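Here the structure is a predicted model, which is why all the values come from computation and not from measurement. Atom set for the values below is all heavy atoms of this structure, side chains included, hydrogens, waters and symmetry mates excluded. All ligand and atom numbering here is 1-based and tracks the order in the structure.
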Amino acid sequence: MPAIQSRLETVRQQIQQAVERYHRRADSVQLLAVSKTHPAEAIRQAAAAGQGRFGESYIQEALDKIGQLRDLDIEWHYIGRIQGNKTRAIAENFDWVHSIDSAKQLRRLNDQRPDNLPPLNICLQIKIDDEESKAGITPREARELINSMADYPRLTLQGLMTLPAPAVDLEAQRIPFRRLRELRDELASEALPLPTLSMGMSGDLEAAIAEGSTIVRIGTAIFGPRHYPDQK
Ligand SMILES: *Cc1c(COP(=O)(O)O)cnc(C)c1O
């Protein structure tokens, strides 16, 4: 069995085990395969093994791969930093964006989303563990953005995303994920139920599922280690 196919199978089993252990519904956790830095051919192998959602973090690299894989039916998720001059490429080429952290990004993506595409699905990236250096917005800023969503008819706010600092064990890993879930419960309303919690990566997937993750973003465990090129 090719390496990617067998790693994908292992990750699916890990998700399945966590879903059972924490009494989650079997279909309540989606796997996003994070393919940044890996070639289009690796995505093709994962797609052949049934994987349909892929996450990318670097816009030019992503556009190259999206172009090479037009023959496949792939749902593309943007999970990287959003630079102002890159919003048009994101609005035109992606189905989801997980890493929104400003009103300006909402305005630009809404204005630039082509009319012939469905609304762009978005998550707000939350700085949940108070680390100065981390990307994301505070809960208070999130509340403000949520209150402005009616201004953006070309965007569908699906929920919240977080990328916490690495923690040593399962219990420590669960803390920021639990805080994100509690924040979601606080911010959700009938009009905006915020069903998505985008949380959990290769090293903390079980903790994230235990706390209610609905999308785990898994790179290394599927594609192996990354070698970072110098790129923006
Ligand atoms: C790279 C990346 C991932 C995947 O991380 P792994 O540890 O390789 O699974 C998940 N989320 C974000 C935002 C990333 O940038």
Can a donor-acceptor pair be found, under 3.5 Å and without considering hydrogens, that links the side chain of Lys65 to the backbone of Gln60?
no

Among all protein non-hydrogen atoms, which one is nearest to atom 11 (N) of ligand 1, and what is the separation to 0.1 Å?
Arg217 NE, 2.8 Å

Salt bridge (charged side-chain N to carboxylate O under 4.0 Å, His left out) with Arg53: which residues, sequence neighbours excluded?
Glu75

Salt-bridge test for Asp169 and Arg174: reply yes if a basic N is under 4.0 Å from a carboxylate O, no otherwise.
no

for atom 10 (C) of ligand 1, nearest protein heavy atom and its distance come out as Met201 SD, 3.2 Å

Side chain to side chain donor-acceptor pair (under 3.5 Å) contacts in which one or both residues fall within residues 109-120, not counting sequence neighbours
Thr87-Gln112

For Ile218, the ligand 1 atoms with a heavy-atom partner under 4.0 Å come out as 9 (O)

Is the closest N or O pair between Gly219 and ligand 1 shorter than 3.5 Å?
yes

Show which atoms of ligand 1 fall inside a sub-4.0 Å distance from at least one heavy-atom site of Lys36.
1 (C), 2 (C), 3 (C), 14 (C), 15 (O)

Could you tell me which atoms of ligand 1, counted from 1 in the order shown, lie closer than 4.0 angstrom to a heavy atom of Ser57?
15 (O)

Measuring from the heavy atoms of Arg226, does anything fall under 4.0 Å of ligand 1?
yes

Could you tell me whether a side-chain N or O of Ser213 sits under 3.5 Å from a main-chain N or O of Met199, the two making a donor and an acceptor?
yes

For atom 9 (O) of ligand 1, what's the nearest protein heavy atom and its distance?
Ser202 OG, 2.5 Å

Please check if the side chain of Arg24 supplies one atom and the backbone of Ile209 the other of a donor-acceptor pair under 3.5 Å.
yes

Does a salt bridge link Glu141 with Lys127, judged by any charged N lying under 4.0 Å from a carboxylate O?
no

Of all the non-hydrogen atoms in the protein, which one sits nearest to atom 12 (C) of ligand 1, and at what distance?
Ile79 CD1, 3.5 Å

Starting from atom 8 (O) of ligand 1, what is the nearest protein heavy atom, named by residue and atom, and what distance separates them?
Thr220 OG1, 2.5 Å

